[in-house]
Amino acid sequence: NFFHNIQKYKEHLFKWNKIHNLTGAKDEKTIDEFIYDAVFPISFLPHVKNLLDIGTGAGFPGMILALALPNTKVTLVEPLTKRASFLQFIKADLGLENVRVVKKRVEDMDPEIFSLITSGTHS
């Protein structure tokens, strides 16, 4: 379920962040605020079939949205290897079939139509 997956995500993020410096957020309170910011739009967004998150970084907001919207196909675009590897690990560890990780810059992607495009400000 969502809360179990969020907890696992946070555990992995703290472990990976010590080694790979995925995000500047180092404490649980800040991460929780990032998660809340990422998931809040669900309260007013229409249901979408698919979404693209540009520059997902450590997972905000794209991975959090993917956890909250299991019936939405979520494409996470992240050019940095260490961050893309983390996102791929989370996808595999949590068995997220609705997630696709693309390790490239968004302008290098093949054209594709998405119902919603997001991009976060947290890094």
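Using the six-membered ring where Trp is involved, H20 and W16 have ring planes that are tilted, between 30° and 60° apart.
Judged by distance alone, the side chain of N17 and the main-chain N or O of L22 form a donor-acceptor pair under 3.5 Å. Although no hydrogens or angles enter the test, the distance criterion places no donor-acceptor pair under 3.5 Å between the side chain of N50 and the main chain of K73.
Between E33 and K29 there is a salt bridge, since a side-chain N of the basic residue sits under 4.0 Å from a carboxylate O of the acidic one. A salt bridge between K103 and E78 is absent, with no side-chain N of the basic residue lying under 4.0 Å from a carboxylate O of the acidic one.
When all heavy atoms are compared, the tightest approach of V77 to R105 is CG1-C, 4.1 Å. Of all the heavy atoms in I42 and A68, the pair that sits closest is CD1-CB, 3.3 Å. Looking at every heavy atom in both residues, I64 comes nearest to Y9 through CD1-CE2, 3.8 Å. The minimum heavy-atom distance between S119 and P61, with the atom names listed, is C-CD, 4.1 Å. Smallest separation of non-hydrogen atoms from M109 and F114: CE-CZ, 4.4 Å. Of all non-hydrogen atoms in T23 and A58, the two that sit nearest each other are CB-CB, 4.1 Å.
Within a 6.0 Å radius of NZ in K26, other residues, nucleotides and ligands contribute more than 12 heavy atoms. By the neighbour-count criterion of 12 heavy atoms within 6.0 Å, atom CD1 of I113 is sparsely surrounded, having that number or fewer from other residues, nucleotides or ligands. In this structure, E97 places its CD atom where only 12 or fewer heavy-atom neighbours from other residues, nucleotides or ligands lie under 6.0 Å away.
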Side chain to side chain contact (heavy atoms under 4.5 Å, CB included) between L96 and M63, worked out: CA-CA 10 Å; L96 303 175; M63 183 59 82; 3.6 Å; yes
Does T72 form a side chain to side chain contact (heavy atoms under 4.5 Å, CB included) with K49? I'd like the steps, not just the answer. CA-CA 5 Å; T72 300; K49 189 174 61 170; over 6 Å; no
Worked check of side chain to side chain contact (heavy atoms under 4.5 Å, CB included) between L52 and V106: CA-CA 10 Å; L52 168 70; V106 70; 4.2 Å; yes
Evaluate the side chain to side chain contact (heavy atoms under 4.5 Å, CB included) criterion for residues I54 and T118: first the C-alpha distance (whole Å), next the side-chain angles of each, then the deciding distance (0.1 Å), finally the verdict. CA-CA 6 Å; I54 299 171; T118 60; over 6 Å; no
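T75 is not listed as a side-chain neighbour of D53, based on a closest heavy-atom distance of 4.5 Å or more. Inter-residue side-chain proximity for K10 and L13 is flagged as unmet; no heavy-atom pair is nearer than 4.5 Å. Side-chain contact check for L69 versus N98: every heavy-atom pair is 4.5 Å or farther apart.
Put simply, V102 and L80 are part of two different groups of oily side chains (I, L, V, M, F, W, Y) that touch within less than 4.5 Å, one to the next. No chain of hydrophobic side-chain contacts below 4.5 Å, direct or via other Ile, Leu, Val, Met, Phe, Trp or Tyr residues, connects F14 to I19. Under a hydrophobic-cluster definition in which Ile, Leu, Val, Met, Phe, Trp and Tyr are linked whenever side-chain heavy atoms come within less than 4.5 Å, directly or via other members, V74 and I117 are assigned to different clusters.
Only one option out of L65, V39, I35 pairs with F60 in a side-chain contact (heavy atoms from CB on, under 4.5 Å); it is I35.
H12 and F89 have their aromatic ring centers within a separation under 6.0 angstrom.
For the atom pair CG of L67 and NZ of K91, the computed distance is 13.0 Å after rounding to the nearest 0.5 Å. Atom OG1 of T56 sits about 4.0 Å away from atom CG of L76, to the nearest 0.5 Å. Residue L116 holds its CG atom at 11.5 Å from NE2 of H47, rounded to the nearest 0.5 Å.
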